[in-house]
Amino acid sequence: MKNILKYILHFLVICMLTIITQVGGVLYFLTLLTAKAFKLNQLKGLAMFGVLYLITSFAILPAMAPVFGRTALPFTGNLKPLNFGTCLLNRHYVTPELKYQLVEIADEMNKQFAGSVTHYLDGNFPFFNGFPLIPHLSHNDGKKLDLAFFYTKKDGSINSAPGFIGYGIYESPAEGEVDYPARCREQGYWQYGILSSFVINLGNGDYQLDVDRTRTLIKLMAEHRLTSKIFIEPHLKQRWELDQYKNIRFQGCRAVRHDDHIHTQVR
């Protein structure tokens with residue numbers, strides 16, 4: 001019975017690592033086989049998995065991803081992750097076209113707003129179209145990427161955000177604006193605003209949304225020849241006077257709110 005429970009636990013860990021990193025489950029399974037063959041204890045086995053995972057994620061995957069039409073987004077420069085955990089979990093892979101577009105736009109943002117860094121959130125895994133990037137509904141082909149809003153702190157710094165993961169800190173509808181969060185909630189889409197229940201606002205009133213930079217970023221993407229769609233909440237499109245851009249759309253109630261980040265995708 002004890003062995004059965006152990007096998008079940010290992011199976012669950014493999015599934016979990018596969019879901020959240022794509023390759024972690026395979027690496028964990030290989031570690032189990034190696035640890036058993038060389039009679040390694042649990043501590044040595046865990047250390048072996050950690051080293052193998054880091055080497056695979058930061059040396060092997062970037063070299064293999066182009067075979068599947070993907071490339072890793074940069075860690076540094078004018079375009080980089082808001083949270084390095086995005087890269088650690090291999091969720092920063094996109095098509096070369098999307099990378100080219102975002103690097104170009106991030107450089108332009110830096111020119112227009114000196115010192116400004118554009119932060120990306122979730123992209124896609126390195127391998128296979130159709131492999132889901134949970135909890136996203138459509139991040140499965142490398143053509144989609146989420147971007148963080150821009151914020152400014154009271155101390156004058158401009159390249160940080162109130163939420164650790166970049167999601168869940170909403171810019172809610174004001175009076176007189178279309179209120180899709182309320183509409184979706186009334187229709188029974190309980191997941192629509194669920195992230196606010198898990199995300200802690202670290203700002204404590206110290207952060208203010210930088211509308212000028214965020215609006216400029218959206219306009220640059222909307223006007224770019226490679227852009228297919230951009231998702232933000234309709235009340236932000238109305239508030240920021242972006243109605244002329246037909247490729248800026250509402251994502252639907254089946255997804256989650258998009259008044260905390262920007263979703264963009266290429267053709």
Side-chain angles (χ1 to χ4, degrees), residues 82-83 105-106 108-109 112-113 116-122 135-139 144-224 227-265:
L82 179 68
N83 181 345
I105 289 175
E108 179 61 28
M109 286 293 299
Q112 293 192 31
F113 303 91
S116 187
V117 173
T118 301
H119 288 115
Y120 62 82
L121 307 175
D122 280 344
H136 302 277
L137 297 179
S138 64
H139 287 231
K144 288 93 175 179
L145 181 67
D146 288 343
L147 298 167
F149 286 171
F150 288 99
Y151 294 87
T152 302
K153 290 186 71 174
K154 289 181 179 179
D155 64 7
S157 57
I158 61 172
N159 292 320
S160 55
F164 182 65
I165 62 172
Y167 299 99
I169 309 299
Y170 301 128
E171 298 296 325
S172 296
E175 185 177 352
E177 294 179 339
V178 59
D179 192 343
Y180 272 96
R183 292 185 187 183
C184 293
R185 186 170 57 249
E186 291 167 0
Q187 294 176 34
Y189 292 97
W190 56 269
Q191 84 290 348
Y192 197 69
I194 196 172
L195 287 176
S196 62
S197 302
F198 301 99
V199 175
I200 299 175
N201 189 335
L202 303 176
N204 295 320
D206 194 29
Y207 290 83
Q208 181 176 354
L209 178 68
D210 192 322
V211 175
D212 193 16
R213 282 192 297 159
T214 303
R215 183 174 182 269
T216 299
L217 174 62
I218 295 173
K219 289 180 67 175
L220 287 172
M221 291 190 299
E223 293 168 358
H224 198 281
T227 300
S228 171
K229 299 175 186 177
I230 297 170
F231 293 149
I232 60 171
E233 287 295 321
H235 66 269
L236 293 183
K237 182 177 180 180
Q238 175 188 352
R239 184 185 306 172
W240 296 340
E241 299 179 345
L242 298 168
D243 291 330
Q244 70 270 32
Y245 297 106
K246 303 306 179 184
N247 55 359
I248 300 178
R249 305 178 185 177
F250 173 54
Q251 71 280 354
C253 291
R254 290 180 61 248
V256 295
R257 290 176 64 162
H258 281 62
D259 50 358
D260 58 346
H261 70 283
I262 307 159
H263 169 106
T264 185
Q265 60 190 70

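Inter-residue side-chain proximity for P173 and P181 is flagged as met; some heavy-atom pair is nearer than 4.5 Å. Two residues are said to be in side-chain contact when any heavy atoms from C-beta on lie closer than 4.5 Å; Y151 and L209 meet this criterion. Counting only heavy atoms from C-beta outward, the side chains of H139 and D146 approach each other to under 4.5 Å. With a 4.5 Å cut-off on side-chain heavy atoms, W240 and T214 count as touching. A heavy-atom distance below 4.5 Å is found between the side chains of F113 and T216. Residues I165 and L121 have side chains not in contact (no heavy-atom distance under 4.5 Å, counting atoms from C-beta outward).
Ring geometry for F231 versus H263: interplanar angle under 30°, hence parallel rather than tilted (30 to 60°).
Of the possible donor and acceptor atoms, one in the side chain of T227 sits under 3.5 Å from a partner among the backbone N and O of M221.
Between N159 and R213, the shortest heavy-atom distance links the atoms OD1-NH1, 3.9 Å. Of all non-hydrogen atoms in P162 and I169, the two that sit nearest each other are CG-CG2, 4.1 Å. In plain terms, the two heavy atoms of D243 and K246 that are nearest each other are O-NZ, 3.8 Å. Heavy-atom minimum distance, Q187 versus C253: OE1-SG, 4.4 Å.
Of the N and O atoms on the side chains of D122 and H136, at least one donor lies less than 3.5 Å from an acceptor on the other residue.
For K219, the side chain to side chain contact (heavy atoms under 4.5 Å, CB included) partners are R215, E223, L242, Y245, not counting sequence neighbours. Partners of Y192 under the side-chain hydrogen bond (donor to acceptor under 3.5 Å, both in side chains) rule, at least two apart in sequence or in another chain, are E233, Q251. Taking the side chain to side chain contact (heavy atoms under 4.5 Å, CB included) definition, one finds that V178 meets it with Y180, R183, P234, H235, Q238, sequence neighbours left out.
Between K153 and D206, at least one side-chain nitrogen of the basic residue sits less than 4.0 Å from a carboxylate oxygen of the acidic one, meeting the salt-bridge criterion.
When the shell of 6.0 Å around CZ of F164 is examined, it contains 12 or fewer heavy atoms from other residues, nucleotides or ligands.
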